[in-house]
Amino acid sequence: MRKFVKGLSFFAMALLLIFTAACKGNDGTAESADGASKETYQFKLAHITPPDHMWHKAAEKFAEELDKRSDGRMQLEIYPSSQLGTEADMVEQISAGSVDFGFITAAYMSSRSPSFAAWFTPYAFKDLHEANEARDSEIAKKILGTLDEQGMVGLDYFFAGQRVMLFKDKKVEKPEDMKGLKLRVTPSPPMQDFYTSTGASTEGLPLPEVYSAVQTGVIDGMDMDLDATITNKYFEVVNYGAVTNHMVWPAVAIVNKKTFEGMPEADQKIIREAIAAAAEFSAMTRADQEEEFKKTLKDEGMDIYEIDPSLFDPYKQKFDEKYGKQDPLIQEFIDAFRD
């Protein structure tokens, strides 16, 4: 009888060990019986825009989706308005692991990985709906993959409208009208090259200095999006807005590689699905605001108008010839989306 009881005890212990092993992730993280992780997370996310900008609203949507999809295990603290420094600072913090996530402009990311310049192909997309569809393309994913060697994982893209042109005193109606104008353009080579090819000169002023630079005549205008034109009150210092929609303006959602790859696959899946939901929300909400933003700026006294895109055909060709040769991924992007 004692031998039977002893054997039964060993059998029960063996079953317990098997059950415990089944409730561990590949990395030893505790999981429930159905394979779901029990790990809790307190994430940090940084970006450059103010709280009323679409990227911050997208970050809030990401936080909401994480909370909902993880049953409260994943919480996100958001640092907007460059609270943690410049984009270069944020990327370094993400690479080091002191910050988990960032929404970093593709313009800055192109300085880390040149293939991100592909997103500034002039007139590649008719509208944000087309650009949003391109998020899921193979070439878009290949470009994200170039960050693997830098201690980061590229997750997705967030759009904040398309680029427009703002002018203080001169109504520009064709590319040649920009000759001699000094324009603030994000210090990204593909963006600056597009403008200098028209005869304009570019200034890479920090965003906080742009308002006063236009006001005092240091610059004659800028490359911007309608959202930021309103949130930064540029309508107070410029008179003309050419809604050219000549480039999209994505942020790249990135995460620390060690943090992300150290999670159970189920938690990685939650993050990818939450970020995709936030990206979709961002693009579609912003696309629906286009007419509203135009009306707001007109009501503020700006002359809002359009320029025939075909007038920029020679400048599009110059861009394609130069940048397609620089990186095979840029050429693949051009081939995929150029009409």
Side-chain angles (χ1 to χ4, degrees), residues 106-107 117-132 134 159-186 188-204 210 213-214 217 219-230 232 234-250 286-323 334 337-339:
W119 285 102
F120 303 115
T121 300
Y123 293 98
F125 306 105
K126 180 180 67 176
D127 52 35
L128 277 184
H129 293 281
E130 285 191 359
N132 190 48
F159 294 103
Q162 293 168 283
R163 306 307 283 178
V164 301
M165 302 177 185
L166 307 181
F167 304 102
K168 182 181 181 183
D169 298 317
K170 182 177 181 179
K171 185 172 183 177
V172 168
E173 298 183 278
K174 57 185 183 299
E176 293 75 15
D177 292 344
M178 287 192 278
K179 186 174 182 179
L181 294 183
K182 292 179 291 185
L183 305 175
R184 189 273 176 180
V185 179
T186 300
S188 171
M191 300 183 73
Q192 292 177 322
D193 284 351
F194 174 72
Y195 279 97
T196 57
S197 70
T198 69
S201 61
T202 62
E203 299 287 342
V210 173
V214 180
I219 56 175
D220 301 303
M222 68 192 83
D223 175 278
M224 195 52 60
D225 62 75
L226 293 178
D227 193 348
T229 304
I230 294 170
N232 291 299
Y234 294 134
F235 55 79
E236 295 178 347
V237 290
V238 298
N239 294 309
Y240 302 102
V243 184
T244 48
N245 292 335
H246 54 284
M247 293 176 184
V248 291
W249 184 245
R286 180 60 187 81
D288 292 341
Q289 292 174 321
E290 185 80 2
E291 295 307 315
E292 172 193 339
F293 286 167
K294 289 180 187 177
K295 183 179 185 304
T296 296
L297 294 171
K298 287 179 181 178
D299 290 346
E300 292 290 349
M302 283 187 66
D303 183 353
I304 301 296
Y305 60 99
E306 296 181 4
I307 299 177
D308 181 359
S310 67
L311 296 176
F312 286 92
D313 284 350
Y315 308 97
K316 290 156 54 177
Q317 185 177 351
K318 287 180 182 179
F319 180 97
D320 294 357
E321 290 174 353
K322 178 174 181 177
Y323 283 91
I334 291 171
F337 302 117
R338 174 69 76 212
D339 290 337

With sequence neighbours excluded, what pairs up with [X] under the salt bridge (charged side-chain N to carboxylate O under 4.0 Å, His left out) test?
X      : answer
Lys174 : Asp177
Glu236 : none
Lys316 : Asp313

With sequence neighbours left out, write down each residue that passes side chain to side chain contact (heavy atoms under 4.5 Å, CB included) with [X], or none if nothing qualifies.
X      : value
Gln317 : Glu321
Asp308 : Ser310, Leu311
Lys168 : Val214
Thr198 : Pro175, Met178, Ala200, Tyr315

The criterion is side chain to side chain donor-acceptor pair (under 3.5 Å); which residues satisfy it with [X], sequence neighbours excluded?
X      : result
Asp227 : none
Lys170 : none
Arg163 : Asp223, Asp225
Gln192 : none

salt_bridge(Lys295, Glu300) N-O dist < 4.0 Å
no
May I have the list of side-chain donor-acceptor pairs in residues 123-130 shorter than 3.5 Å, sequence neighbours left out?
from	atom 1	to	atom 2	distance (Å)
Asp127	OD1	His129	N	3.1
Asp127	OD1	Glu130	N	3.0
Glu130	OE1	Lys126	N	2.9

Okay, side chain of Tyr305, backbone of Val172: is any donor-acceptor separation there less than 3.5 Å?
yes
Validation row, ring centre Phe159 to ring centre Trp119 under 6.0 Å
yes
Residue pair Val210, Tyr234: steps toward the side chain to side chain contact (heavy atoms under 4.5 Å, CB included) verdict:
CA-CA 9 Å; Val210 173; Tyr234 294 134; 3.8 Å; yes
